[in-house]
Number of protein chains: 2
Amino acid sequence: MSSIADKLAAQLGPELVLRDEATLRACRRDAWVVSELDDLEGAPMPLPACVVRPRAVEHVAAVVRACAETGTPLVPSGLRSGVCGGVLASAQSVVLDMSSFANVRGIDSRDLIGSFDAGVRGSDAEARANEQGLTLGHFPQSIAISSVGGWVATRAAGQFSTGYGSIEELLLGVEAVLPDGSLLSSGPIPRAAIGPDMRQLLLGSEGTLGVITGVKLGLRRLPELRRCAAFYVKDMASGFDAQRGILQAGWSPVVLRQYDAREVARLFSPYRRNSDALLLVVHEGPREKVEAEAAAVARQLLGAGCEEAPAAATEHWLKERNKVPTFRSFLESGVIVDTIEVAAPYSHIGALYDAAVKRLGTIPGIWNGSAHSSHAYRSGLNLYFSFAVQPKDKARLRASYHECWSAVMESCLEHQGTIAHHHGIGRVRREWLARELGSAGLATLRALKHSLDPLGIFNPGVLLPDVPG
Amino acid sequence: MSSIADKLAAQLGPELVLRDEATLRACRRDAWVVSELDDLEGAPMPLPACVVRPRAVEHVAAVVRACAETGTPLVPSGLRSGVCGGVLASAQSVVLDMSSFANVRGIDSRDLIGSFDAGVRGSDAEARANEQGLTLGHFPQSIAISSVGGWVATRAAGQFSTGYGSIEELLLGVEAVLPDGSLLSSGPIPRAAIGPDMRQLLLGSEGTLGVITGVKLGLRRLPELRRCAAFYVKDMASGFDAQRGILQAGWSPVVLRQYDAREVARLFSPYRRNSDALLLVVHEGPREKVEAEAAAVARQLLGAGCEEAPAAATEHWLKERNKVPTFRSFLESGVIVDTIEVAAPYSHIGALYDAAVKRLGTIPGIWNGSAHSSHAYRSGLNLYFSFAVQPKDKARLRASYHECWSAVMESCLEHQGTIAHHHGIGRVRREWLARELGSAGLATLRALKHSLDPLGIFNPGVLLPDVPG
């Protein structure tokens with residue numbers, strides 16, 4: 001009996017089916033810090049049977065069928081910049097590396113629709129839109145290391161989402177190979193009432209319900225004007241309330257980001273003032289809108305007790321916003337760091353922030369437990385926690401990490417929060433998903449999964465908690 | 001063996017389980033003109049076994065379980081203002097009349113979340129929000145005769161959706177009894193990345209996947225200012241393009257509606273000018289935004305060759321917008337009338353309009369085939385066709401009706417349109433759904449349906465085409 005790798009190589013040609021150890025190692029996982037730690041500690045590293053780099057939708061369908069016939073686990077992956085363990089190959093699985101399927105299918109400058117193979121790198125998609133005076137309006141910190149298909153699979157949100165919307169509001173059409181090998185193609189649709197939205201099945205599916213092969217995104221014209229502002233805020237709670245006031249008054253700045261004093265000290269030291277929090281504001285759009293909005297928002301914030309800070313702080317953020325230290329360098333020093341993003345209604349967000357920061361502060365070896373808000377809505381906003389913890393004993397890195405996650409997840413669930421704002425569930429949040437969705441919600445998700453992937457071979461171990469027993 | 005009605009009466013009390021013929025007749029169907037015609041022509045009228053008027057979620061769950069145990073078809077209904085045949089009871093089915101479950105659960109003026117039993121009448125929900133200086137921002141023409149749960153079930157869009165979004169953008173949380181009797185409760189969530197969005201399963205489900213029992217909607221503060229404008233447009237195509245220019249420049253008027261010359265003559269005769277189309281514009285929001293937007297949009301429209309029309313035309317529409325003639329009066333004169341809303345990208349919408357109007361014009365006995373656009377997006381817009389046809393022989397009413405529907409549906413599918421913008425599928429569009437969704441899309445929808453409702457008792461005959469056999 002030939003192996004799945006032999007079978008696929010025979011079918012697709014050996015150049016698409018890679019089996020060298022370097023490729024298997026490089027493509028077996030995403031950027032989850034726990035996988036990084038495993039590698040650093042020399043934990044056993046199960047390698048996939050092969051990595052397939054499809055160049056056409058038919059290649060993807062062939063891989064899906066071959067995996068179904070042989071019951072082989074299939075791990076779809078984009079550029080593997082995820083930080084939740086959404087990509088982690090088991091032994092003898094097949095990894096689909098969609099980075100090889102990366103053509104821009106078209107940029108329609110009349111309907112403002114960009115059509116992309118799923119593997120197109122975000123920054124490449126943006127560059128191609130820019131050539132025609134257009135923009136995606138979607139700027140995740142990972143834009144240079146993530147793919148448009150990955151954005152859909154993980155339900156991403158970009159840094160400008162407060163004005164431009166998150167990926168679900170930008171996604172006009174999706175194409176995916178389903179577990180039965182069929183090709184789902186939905187949209188581009190400006191808006192429709194044709195039953196449950198098929199695009200929504202793939203949004204956030206994290207590789208468990210199909211392989212996303214194509215994405216159509218709504219584009220925007222490059223804005224006529226951008227204006228930056230920044231404000232000092234006495235404390236996080238009053239800043240959250242000031243943000244609420246702006247959005248509920250009907251304004252829509254593209255960016256509202258509020259850093260707590262710890263993060264101001266770490267990231268904005270030239271602009272630090274006492275223990276103030278710092279609120280960054282970016283306005284974009286037609287000149288008259290930007291001017292009206294900037295004036296009104298400033299008036300509103302000053303009226304709410306905020307004080308003007310140098311706009312250079314916001315410009316600094318714009319320049320530096322996508323630079324992230326590697327997990328590896330911290331781990332080598334015996335420190336484990338991570339970020340955790342959650343969201344909650346305004347009525348609960350202040351208490352959630354306080355509870356999580358307080359709890360993080362009690363964890364032995366904690367260096368930092370801090371947060372900023374980065375995406376705001378009329379009904380609530382998100383918090384993006386950062387932690388760094390250095391246990392006395394390096395052997396406790398994993399336990400300390402879990403304590404930090406538990407601190408934030410428990411605080412979130414106690415204060416009406418939702419456990420993931422834009423990184424997804426992956427492996428790291430699975431244990432809390434049942435409490436988020438409730439028993440009927442979880443059962444429904446399992447039913448969906450079973451109906452589309454009855455063999456359970458699509459990205460097992462991700463999103464859905466294991467069935468107890 | 002006791003009947004399902006006896007069983008339910010014993011369980012819930014006879015006051016919730018109605019069996020008198022007047023109630024059975026009144027609650028057996030929605031406002032679909034074909035049902036109206038059936039009644040007028042004295043077609044056999046299958047009556048449900050009973051109508052249940054639940055007053056609590058537990059009552060709904062009890063009905064669902066009783067229907068599952070006995071394999072009885074269950075027809076969930078709101079206020080039955082739908083016009084697509086989404087509610088039409090078969091003999092011995094159970095109709096759930098959610099109009100009895102109509103408490104406002106709460107209006108949260110801090111987080112701007114309105115929480116409602118599914119049966120709350122739209123205008124009642126709006127009135128309760130208004131009491132606190134808030135608004136739903138969702139104004140379907142049916143607002144006084146439809147329920148908030150019905151809006152979710154049919155994927156409704158309101159007249160102000162161009163600025164405020166359609167129901168899927170307003171829906172923060174949903175509660176539903178699923179076919180297995182379990183209670184799904186999702187949200188309120190400002191935004192999340194926790195797998196496929198469970199709320200989206202119910203949006204557009206048209207009673208086939210569960211009974212919606214509760215709805216949480218995002219609210220807005222009543223706008224500081226409203227400003228109306230109107231413009232003459234040479235022809236429909238240039239007006240569509242002018243609308244495109246407004247939205248793609250980054251403006252968001254709450255209303256953009258463009259009537260063709262036939263509709264101007266019929267609905268706006270005092271404002272008629274030659275064979276011009278008429279574009280209505282409404283701006284709402286903070287004063288400075290409205291002023292900047294109104295000036296910029298007017299400048300843009302005049303630059304695109306539109307000419308100013310009396311703003312009174314728009315004010316006239318605002319006053320008269322929810323008055324609709326009854327189908328019945330037309331049918332009694334041997335005329336069948338209906339509306340058909342579709343949507344398409346800008347590149348195709350002009351051709352779609354031309355093709356559909358032309359085809360409608362060839363149908364024997366046609367009085368009117370016209371359209372207006374009423375919801376615009378960055379990538380495209382909707383068209384809302386109206387037709388009235390009077391066949392020589394009254395016996396041909398049904399055939400003429402189907403010819404009109406075919407004319408619009410075929411034109412839509414030939415020109416990259418989506419077959420339903422905001423009325424849903426119901427019974428009237430089922431035959432075209434396969435072409436809309438494609439074979440994989442339809443198979444996926446069937447798989448979802450089967451996984452949640454394996455007995456197939458939830459609103460059979462709606463949304464999904466019959467399996468060919």
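Residue numbering restarts at 1 for every chain, and letters A, B, ... go by the order of the sequence lines.
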>> As an exercise, state the distance from CD1 of B/Ile419 to CD1 of A/Ile189, rounded to the nearest 0.5 Å.
In response: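 Nearest 0.5 Å value for the CD1-CD1 distance: 10.0 Å.
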> Can you tell me how far CG of B/Leu452 sits from CG of A/Leu448, rounded to the nearest 0.5 angstrom?
Replying inline: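 Those atoms lie 6.0 Å apart.
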Against chain B, label [X] side chain, backbone, both or neither, depending on which of its atoms sit under 4.5 Å from a heavy atom there.
{"X": "A/Ser347", "value": "both"}
{"X": "A/Gln200", "value": "both"}
{"X": "A/Asn382", "value": "neither"}
{"X": "A/Asp180", "value": "neither"}
{"X": "A/Ile113", "value": "side chain"}
{"X": "A/Leu172", "value": "side chain"}
{"X": "A/Leu433", "value": "side chain"}
{"X": "A/Arg299", "value": "side chain"}
{"X": "A/Arg244", "value": "side chain"}
{"X": "A/Ala157", "value": "both"}
{"X": "A/Ala249", "value": "backbone"}
{"X": "A/Ala344", "value": "backbone"}
{"X": "A/Leu112", "value": "both"}

Answer with side chain, backbone, both or neither: which region of [X] has an atom nearer than 4.5 Å to a non-hydrogen atom of chain A?
{"X": "B/His450", "result": "neither"}
{"X": "B/Gln248", "result": "both"}
{"X": "B/Leu183", "result": "backbone"}

Minimum side-chain heavy-atom gap [X]-[Y] below 4.5 Å:
{"X": "A/Arg191", "Y": "B/Arg155", "answer": "yes"}
{"X": "B/Met198", "Y": "A/Thr444", "answer": "yes"}
{"X": "A/Pro196", "Y": "B/Leu463", "answer": "yes"}

> Could you name the residues of residues 202-212 of chain A that have a heavy atom within less than 4.5 Å of a heavy atom in chain B?
Replying inline: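 Only A/Leu203, A/Gly204, A/Ser205, A/Leu209 of residues 202-212 of chain A have a heavy atom under 4.5 Å from chain B.
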Highest number of heavy-atom pairs under 4.5 Å with chain A: which of [options]?
{"options": "B/Ala156, B/Gly438, B/Ala295, B/Ala443", "value": "B/Ala156"}
{"options": "B/Ser186, B/Ser166, B/Ser185", "value": "B/Ser166"}
{"options": "B/Ser182, B/Ala292, B/Ser379, B/Gly250", "value": "B/Ser379"}
{"options": "B/Gly165, B/Ala447, B/Ala176, B/Gly195", "value": "B/Gly195"}

How close do [X] and [Y] get, counting heavy atoms only, and between which atoms?
{"X": "B/Glu436", "Y": "A/Ile194", "answer": "OE2-CD1, 3.4 Å"}
{"X": "B/Ala193", "Y": "A/Thr154", "answer": "CB-O, 3.8 Å"}
{"X": "B/Arg110", "Y": "A/Asp241", "answer": "NH1-OD1, 3.1 Å"}
{"X": "B/Asp111", "Y": "A/Pro345", "answer": "OD2-CB, 3.4 Å"}

>> If you count heavy-atom pairs within less than 4.5 Å of chain B, which of A/Glu168, A/Glu341, A/Glu224 leads?
In response: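 The candidate making the most pairs under 4.5 Å is A/Glu168.
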